[in-house]
Protein chains: 2
Amino acid sequence: MRNTDKNPFGAYIREKRESFRKTDRSFSLRQVAQRIGVEPSYLSKVERGENAPLSEEKILLLALELDEDQDVLLALCGKIGKDVQEVIRKRPLLFAQLIRDLKNLPDHAVLRIIREVRDGKW
Amino acid sequence: MRNTDKNPFGAYIREKRESFRKTDRSFSLRQVAQRIGVEPSYLSKVERGENAPLSEEKILLLALELDEDQDVLLALCGKIGKDVQEVIRKRPLLFAQLIRDLKNLPDHAVLRIIREVRDGKW
DNA sequence: CTTCATGTGTACTGTGTGGTACACACTATA
DNA sequence: TATAGTGTGTACCACACAGTACACATGAAG
């Protein structure tokens with residue numbers, strides 16, 4: 001596999017950051033890097049997809065910065081939030097199986113379950 | 001935290017293996033180690049909780065060996081199966097949210113959902 | 001023209017992961 | 001009593017993860 005492989009995370013956040021930057025000069029790479037707590041050179045590598053992994057903590061900060069969904073950004077990095085992982089690990093028989101059962105359901109069916117759960121029907 | 005911390009995985013599989021061993025001498029540490037493809041000294045460290053991580057692949061083999069549930073053994077190691085992870089990463093908005101919503105539901109409620117999904121009601 | 005901010009290249013680091021290789025002491029057994 | 005098998009201690013290893021530190025070239029702004 002090539003060095004700059006097709007991981008879309010870097011390109012995605014770069015685009016998002018630069019779009020913010022058009023109206024807010026505080027969204028330079030350097031300043032965003034400082035706000036999420038990494039060196040500019042490192043964020044640069046991240047944005048160019050140079051196999052520079054971000055920790056979950058930084059990804060969550062970046063999601064706040066760029067007004068993105070945390071779970072989506074984590075997923076783009078191949079990760080899953082620790083809180084979600086913990087839910088599964090505490091009741092693996094239940095949750096691992098449920099997820100496998102839901103794997104092939106279409107979105108609208110999963111959404112229906114979510115709605116029913118939220119309505120407190122359970 | 002102490003070196004041999006309170007991770008229960010090692011003690012758990014040791015007990016299980018030794019119970020098998022009472023009726024089947026092929027369940028010595030060495031032979032099981034060979035069957036799952038690690039060095040005996042390493043499995044020894046695993047069983048004594050000496051911070052010796054097993055890869056998912058070996059854990060799944062061990063689950064077959066010891067007639068244990070794969071997801072449960074993985075969970076005891078603080079891991080989640082790659083297949084389950086992939087389901088979540090492919091549709092993070094749906095699944096991460098669903099899991100958080102189900103977090104505090106009692107077992108029987110989750111089971112009801114599983115049953116309904118399996119009955120094809122969705 | 002200088003000065004400041006910006007993005008990037010290069011080198012380096014510590015910790016965790018997932019192991020191997022081999023020697024050692026003990027035990028069962030034939 | 002040889003010897004085969006058993007569990008363990010010690011040393012070592014490669015690679016992934018998650019970065020820092022600093023120099024450099026460029027571009028914008030005063």
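Quick note on labels: first sequence line is chain A, next is B, and so on, each numbered from 1.
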Roughly, in whole Å, what's the span from [atom1] in [X] to [atom2] in [N]?
X	N	atom1	atom2	value
A:I36	D:dG19	CD1	P	9 Å
B:E57	C:dG18	CD	C1'	11 Å
B:N51	D:dT8	CG	C1'	17 Å
B:I13	D:dG7	CD1	P	12 Å
B:L74	C:dG18	CG	P	11 Å
B:D24	D:dT6	CG	P	12 Å
A:K79	D:dA18	NZ	C1'	8 Å
A:E50	D:dA16	CD	C1'	16 Å

[N] phosphate, OP1 or OP2: any side-chain N/O from [X] under 4.0 angstrom?
X	N	answer
B:R14	D:dT8	yes
B:R21	D:dG5	no
B:Q31	D:dG5	no
B:R48	D:dG9	yes

Among the candidates [options], find the nucleotide nearest to the side-chain atoms of [X].
X	options	value
A:S44	C:dG7, C:dT8, C:dG19	C:dT8
A:P53	C:dG18, D:dG9, D:dC17	D:dC17
B:P40	D:dT8, D:dA18, C:dT6	D:dT8
B:K45	D:dT10, C:dT8, D:dC17	D:dT10

Practice task
Quick one: list whatever passes side-chain hydrogen bond (donor to acceptor under 3.5 Å, both in side chains) with B:S44, sequence neighbours left out.
Solution key: B:R48
Practice task
Count the heavy atoms of every other residue, nucleotide or ligand shown that sit under 6.0 Å from NZ of B:K16, and state whether that count exceeds 12.
Solution key: yes
Problem - Nearest-nucleotide comparison on DNA chain C, the residue closer to the 5′ end among B:S55 and B:R25 - result: B:S55
I'd like to check [X] versus [Y] (side-chain heavy atoms, cut-off strictly below 4.5 Å). Are they in contact?
X	Y	answer
B:R17	B:E47	yes
B:I99	A:I99	yes
B:L102	A:V87	no

Practice task
Examine B:R35 relative to B:F27 and say whether NZ or CZ is less than 6.0 Å from the centre of the six-membered ring and inside a 45° cone about the ring axis.
Solution key: yes
Exercise for the section: Under 4.0 Å between any heavy atoms, over every strand shown, what does A:E47 touch: base, sugar-phosphate, or nothing? Just pick one. Expected result: nothing
List, with names and distances, any nitrogen or oxygen atoms from the protein found under 3.5 Å away from nitrogen or oxygen atoms belonging to nucleotides 21-28 of chain D.
from	atom 1	to	atom 2	distance (Å)
D:dA21	N6	A:S41	OG	2.9

Exercise for the section: State whether the side chain of A:E65 and the backbone N or O of A:V32 hold a donor-acceptor pair below 3.5 Å, judged by distance alone. Expected result: no
Handout entry: Worked check of salt bridge (charged side-chain N to carboxylate O under 4.0 Å, His left out) between B:D71 and A:R100
Key = CA-CA 11 Å; B:D71 298 309; A:R100 270 193 271 268; 2.3 Å; yes
